[in-house]
A.B. asks: 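Before we start, here is the structure in question, set down as structure tokens.
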Amino acid sequence: MKRSGEWQRALSARWALAALGTVLLMALLLLLRDNRFFFYGDTQAAYYGWWYHLGEQVRAGRWPVLDPHAWRAGNLVAEGQWGLFSPLSIGIGLLATVSGGVLFLASAVKVALVCTGAMGMFALARSYDVPPPMACFAAVAVPAGGMTQYLDLPSWAAGLTIWALFPWVWWALRGAMRRPAMVAPALLAGYLMVTVGYVYGTIMLIVVLVGCLVDAWMARDRTAAARLVGIGLLCGLVAVAVYLPGVLTASVSVRDSEFGGFSGKFSTDPLAMFTSVIPTAAVPGTSEHLLPYAYLAWFLPALLWLDLGKVRRGWRPLTGLLFVTAVTLLIVDGPARFGPLRWPLRLQTFLVVAAVLLAAVALTRFRLRRPTWGRLALSLAWVLLAGVVAVLRASGVWSGHLISVALVGAGLVALWYVARRPDARVWWAAVGCVVTLAATAWQHTVFPQPPSPERNMPSSLTAYQRPLAKAEGDVMVVGNANAVMEAHPAAVRELLTGSAWYLNGHRVQNTYTAVSHAAFKDRYCMSYQGSTCPQALATVFAEEPDTGVRRVDLLGVSTLLLVRADFPRRVLESPPSGWRLASTTPWSVTWVREDPVPGAGRPVWSSPGTVVRPLSSDDRTARFRIEDVPSGGGRVVLSAVAWPGYTTDVGRLADPVDGYLLEVDVPGEAEGRVVTVHFSPPGWPLELACWWLGVGVAVMWPLGGYLRRRRSSRDAQGVNAAARSTASRPALTGATTAPSGDGPTTPR
């Protein structure tokens, strides 16, 4: 008896819930082992602060394109990963502003994302007609990949976000090829993927779009190809708004365009890919600790159990999947740096999705009904050889590798045994999920610590407001706060680092940035997370040669927080003239101006004979009146980074002072005029136009399709009703009608 569609949907839902429960169990086990596991590295130093500040600004009715008080980290729209266009990032940010539990919210967001990715994998596998048990197995396997476990889950929230969205994007694109109603989900998923602002997500969106186009070309389906092209163009318009500001700002940032070779941090090689079936196989040649970054999935050797005849006859519908897998493998195993793109191993998470999906589909369609002993021996030989290579590359954990080989071998034997049973699919899911959990647990036994630094950030929002209790105005931190916090957990009572300063309430310029204004960074030797070298203190109080003014005055800084470990006591206790010692603690010393100044974004110097009066300023605009100016003109310097995109309505912008300070040259006839200096990201009219066009068409396209389908449905219902009405009238068989005026005739 054929199973009903309702029964099959209910069965699929039960297996989806089983996958979700297993992934939640995996996350719970990680938290039980380390309750801060989802709060390491850049989640502490970058993402949580970004979320909080973005939510804070949105709640205040502002859209934060630029933050002049953050200086080299203040170009938020060029940063990209702030997610200014992303409803997902904004939503998380709003939650961060109302949640007092920083650790709880960070963990909840990460768990929600990993569950989202697993459920997306289940839906994607089902779109390839993978049976629900096998789809469950695949959904549990993808979060167990090496980069997901050791970098994205503990640290890189943006990487985890695009990984979680990726299977849904792929699923929605495949659905849009077949059904017009799936265009809306595809556009929504694509928009969310692009607006995360992490360029690797957009790269993988392009890869999977091309893969789906390959499928449409193989099927000779022009309608599907047209839909995919339309979706790609609209996502591309949004990508212009998200990424073009960063591209047009790159000339002054730390991003370069050099080719970086094939080795270095977060790179891999073909041999590491061969050993990726061992949960503990480490990637050599990186500056990080040896960790199983390249681990894909333990059951990939089961691909040796395929019926090659079936593969030859049935591979064509999988051309797009093969394309995505091959391209992703080439990227992951490619150059360590290509232009501004670097660390290709970060895309290993997508390779896990593609490889696991390919294995699930191939084993469903092409597996031998009863795999032979010889095929089992081949798969075990792969595992054994991979173990030998793993031991040779990382002999310090040889015992861990041996147990990994035994675990994977036992798992393959169990799969091979159940594959010969009539109810193989159910048992495959059970064995697969159990061995995957065991492999993950063993990984974290051999490699218990994520590579991302533990900066010991507070777990509650109120604790972030303790530092800088005596601060006034704009703040600059001088010294390596990051190193002190990593070594001494108690230091967080007085120090923070990176974007965690956004949770403090004061305007601190030492926030996190992956872009950074190069000249400012070099002048004050400020790292990406905001720490400086000790020499920055002398630089701050030195005179800038062009203006003759101390740099601390040009910066508009009123408070200096000095890291005690980086300076001798005599320096810490002797602030310069005009400054006072506000507080002394075991880890830091605070200097405050005797007369605080307004802060960044205002005029701070004018050339001799030029007198200006500040009028108003906000994040993007500064207004001042020219009270007096020589006939030959004058110069005005503002305490703001000269990012590309600034304009003035009077005079012209000159070359930056000290390499980074914004300068306006005003003409001699400007006396009495009000000067408005305004920032808009370079290419802003084009970028906003692309965003509006992309979003507008993305809304109208599915809406128009829905209205057309509804109209067609009403028309069809009307035709059917008319047909039923005609059919229900009594038939007068054999009756004739008399001509007009003759009266009726009697039927014969």
A.B. asks: Using the side-chain contact (heavy atoms from CB on, under 4.5 Å) criterion, which residues pair with Thr513? Sequence neighbours excluded.
C.D. replies: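 If we apply the side-chain contact (heavy atoms from CB on, under 4.5 Å) test to Thr513, skipping adjacent residues, the hits are Arg72, Ala73, Glu79, Val515, Ser516.
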A.B. asks: Is it true that Asp67 and Arg62 have a side-chain N and a carboxylate O under 4.0 angstrom from each other?
C.D. replies: no
A.B. asks: For Ser588, is there any backbone N or O sitting under 3.5 Å from a side-chain donor or acceptor partner on Thr585?
C.D. replies: yes
A.B. asks: Walk me through it: do Tyr198 and Thr161 pass the test side chain to side chain donor-acceptor pair (under 3.5 Å)?
C.D. replies: CA-CA 9 Å; Tyr198 196 38; Thr161 304; over 6 Å; no
A.B. asks: If every non-hydrogen atom of Glu486 is compared with every non-hydrogen atom of Pro453, which pair is closest and at what distance?
C.D. replies: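 So the two residues come closest at OE2-CB, 3.5 Å.
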A.B. asks: Tell me, do Cys235 and Leu205 make a side-chain contact under 4.5 Å, heavy atoms counted?
C.D. replies: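 Yes, their side chains come closer than 4.5 Å.
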A.B. asks: Taking side chain as C-beta onward, heavy atoms only, is Tyr48 less than 4.5 Å from Leu503?
C.D. replies: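 Yes, their side chains come closer than 4.5 Å.
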A.B. asks: For the residue pair Gln509 and Met526, establish whether any side-chain heavy-atom pair is separated by less than 4.5 Å.
C.D. replies: yes
A.B. asks: To the closest 0.5 Å, what do you measure between CD (Glu472) and NE2 (His506)?
C.D. replies: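 The CD atom of Glu472 sits 8.5 Å away from the NE2 atom of His506.
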A.B. asks: Do you know which of Trp63, Tyr191, Trp692 makes ring pair (Phe, Tyr, Trp, His ring centres under 6.0 Å) with Phe85?
C.D. replies: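 Of Trp63, Tyr191, Trp692, ring pair (Phe, Tyr, Trp, His ring centres under 6.0 Å) with Phe85 is met by Trp63 alone.
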A.B. asks: Between Thr532 and Gly479 (side chain of the first, backbone of the second, donor and acceptor by atom type, cut-off under 3.5 Å), is there such a pair?
C.D. replies: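 Here the side-chain-to-backbone pair exists.
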A.B. asks: What are the two closest non-hydrogen atoms of Pro682 and Glu687, and how far apart are they?
C.D. replies: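 Looks like O-OE2, 2.6 Å.
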A.B. asks: So, taking the atom named OH in Tyr502 and the one named CG in Leu54, what distance separates them when rounded to the nearest 0.5 Å?
C.D. replies: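 It is 10.5 Å, given to the nearest 0.5 Å.
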A.B. asks: What orientation do Tyr660 and Tyr524 show, parallel under 30°, tilted 30 to 60°, or perpendicular over 60°?
C.D. replies: perpendicular
A.B. asks: Using a 6.0 Å cut-off, check whether atom CZ of Arg580 has over 12 heavy atoms from anything other than its own residue.
C.D. replies: yes
A.B. asks: Does Leu113 form a side-chain contact (heavy atoms from CB on, under 4.5 Å) with Val109? I'd like the steps, not just the answer.
C.D. replies: CA-CA 6 Å; Leu113 287 172; Val109 168; 4.0 Å; yes
A.B. asks: Is the shortest side-chain heavy-atom distance between Val557 and Val540 below 4.5 Å?
C.D. replies: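 With C-beta onward as the side chain, the pair stays apart.
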A.B. asks: Before giving the answer on ring-ring contact (aromatic ring centres under 6.0 Å, His included), spell out for Tyr200 and Trp163 the whole-Å C-alpha distance, their side-chain angles and the decisive distance to 0.1 Å.
C.D. replies: CA-CA 10 Å; Tyr200 294 102; Trp163 168 85; over 10 Å; no
A.B. asks: For Trp587, is there any backbone N or O sitting under 3.5 Å from a side-chain donor or acceptor partner on Glu494?
C.D. replies: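 Side chain of Glu494 to backbone of Trp587: a pair is present.
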A.B. asks: Hey, do the aromatic rings of Tyr47 and Trp50 have their centres closer than 6.0 Å?
C.D. replies: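 That pair passes the under 6.0 Å test.
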A.B. asks: Working to the nearest 0.5 angstrom, can you tell me the gap between Leu581 CG and Leu572 CG?
C.D. replies: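 Spacing of CG (Leu581) from CG (Leu572) equals 8.5 Å.
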A.B. asks: Of all residues at least two apart in sequence or in a different chain, which pass the side-chain contact (heavy atoms from CB on, under 4.5 Å) check with Pro534?
C.D. replies: Asp566, Phe567
A.B. asks: Within the distance-only criterion (no hydrogens, no angle test), does the side chain of Asn482 pair as donor or acceptor with the backbone N or O of Thr497 below 3.5 angstrom?
C.D. replies: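 A pair under 3.5 Å: no.
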A.B. asks: Measure from the side-chain N and O atoms of Asp665 to the backbone N and O of Ala654, and report whether any donor-acceptor pair falls under 3.5 Å.
C.D. replies: no
A.B. asks: Could you grab the distance from atom CD of Glu594 to atom OG of Ser577, nearest 0.5 Å is fine?
C.D. replies: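 One finds 7.0 Å between CD of Glu594 and OG of Ser577.
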A.B. asks: Passes side chain to side chain donor-acceptor pair (under 3.5 Å), Thr97 versus Arg59? Steps please.
C.D. replies: CA-CA 9 Å; Thr97 62; Arg59 288 185 64 181; 3.2 Å; yes
A.B. asks: What pairs of residues pass the side chain to side chain donor-acceptor pair (under 3.5 Å) test when at least one of them lies in residues 629-638, not counting sequence neighbours?
C.D. replies: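 Only Asp546-Arg635, Arg635-Glu663 qualify under side chain to side chain donor-acceptor pair (under 3.5 Å).
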A.B. asks: Between OG1 of Thr648 and NE2 of His678, what distance do you get to the nearest 0.5 Å?
C.D. replies: 12.0 Å
A.B. asks: Arg551 versus Asp658: any side-chain heavy-atom pair under 4.5 Å?
C.D. replies: yes
A.B. asks: Is there a donor-acceptor pair closer than 3.5 Å between any side-chain N or O of Arg620 and the backbone N or O of Phe679?
C.D. replies: yes
A.B. asks: For a 4.5 angstrom cut-off between non-hydrogen side-chain atoms, does Ser499 reach Tyr52?
C.D. replies: no
A.B. asks: Using side-chain contact (heavy atoms from CB on, under 4.5 Å), reason through Val604 and Val549 one step at a time and then give a plain yes or no.
C.D. replies: CA-CA 9 Å; Val604 288; Val549 178; over 6 Å; no
A.B. asks: Give every residue pair that meets the ring-ring contact (aromatic ring centres under 6.0 Å, His included) criterion with at least one member in residues 588-644, sequence neighbours excluded.
C.D. replies: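 For residues 588-644, and leaving out neighbouring residues, the ring-ring contact (aromatic ring centres under 6.0 Å, His included) pairs sorted by first residue read His517-Trp643.
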A.B. asks: Taking Val636's backbone N and O only, do any of them form a donor-acceptor pair with Ser606's side chain (distance below 3.5 Å, no angle check)?
C.D. replies: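 Absent.
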A.B. asks: Who pairs with Val611 by side-chain contact (heavy atoms from CB on, under 4.5 Å), at least two apart in sequence or on another chain?
C.D. replies: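 Partners of Val611 by the side-chain contact (heavy atoms from CB on, under 4.5 Å) criterion, ordered by chain and then number, come out as Glu627, Asp628.
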A.B. asks: Are any of the side-chain heavy atoms of Thr249 and Val77 separated by less than 4.5 Å?
C.D. replies: no
A.B. asks: For the pair Asn504 (side chain) and Tyr464 (backbone), establish whether a donor and an acceptor sit closer than 3.5 Å, ignoring hydrogens and angles.
C.D. replies: yes
A.B. asks: Which heavy atom of Pro630 sits nearest a heavy atom of Gly609, and at what distance?
C.D. replies: CD-O, 3.4 Å
A.B. asks: Any donor and acceptor pair, going by atom type alone, linking the side chain of Arg455 with main-chain N or O of Gly41 inside 3.5 Å?
C.D. replies: yes
A.B. asks: Please step through side-chain contact (heavy atoms from CB on, under 4.5 Å) for the pair Leu662 and Leu653, ending with a clear verdict.
C.D. replies: CA-CA 8 Å; Leu662 186 63; Leu653 297 179; 4.1 Å; yes
A.B. asks: Please identify each residue that fulfils side-chain hydrogen bond (donor to acceptor under 3.5 Å, both in side chains) with Glu454, with sequence neighbours left out.
C.D. replies: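 With neighbours one apart ignored, the set is Arg36, Gln44.
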A.B. asks: Report the C-alpha separation of Trp501 and Val477 in whole Å, then their side-chain angles, then the decisive distance to 0.1 Å, and conclude whether the side-chain contact (heavy atoms from CB on, under 4.5 Å) test is met.
C.D. replies: CA-CA 10 Å; Trp501 283 115; Val477 182; 3.8 Å; yes
A.B. asks: Is the backbone of Leu95 close enough, under 3.5 Å, to the side chain of Ser99 for a donor and an acceptor to pair up by distance?
C.D. replies: no
A.B. asks: First locate atom CG of Leu661, then atom CG of Leu554, and finally report the distance between them rounded to the nearest 0.5 Å.
C.D. replies: 5.5 Å
A.B. asks: Out of Val194, Val697, Leu693, which residue meets the side chain to side chain contact (heavy atoms under 4.5 Å, CB included) rule with Leu237?
C.D. replies: Leu693
A.B. asks: Hey, does Ser639 have a side-chain heavy atom less than 4.5 Å from the side chain of Leu555?
C.D. replies: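 No; the side chains remain at least 4.5 Å from each other.
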A.B. asks: Locate the shortest heavy-atom distance separating Met204 from Leu347; write the atom from each residue and the value.
C.D. replies: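 Shortest heavy-atom separation between Met204 and Leu347 comes out as SD-CD2, 3.6 Å.
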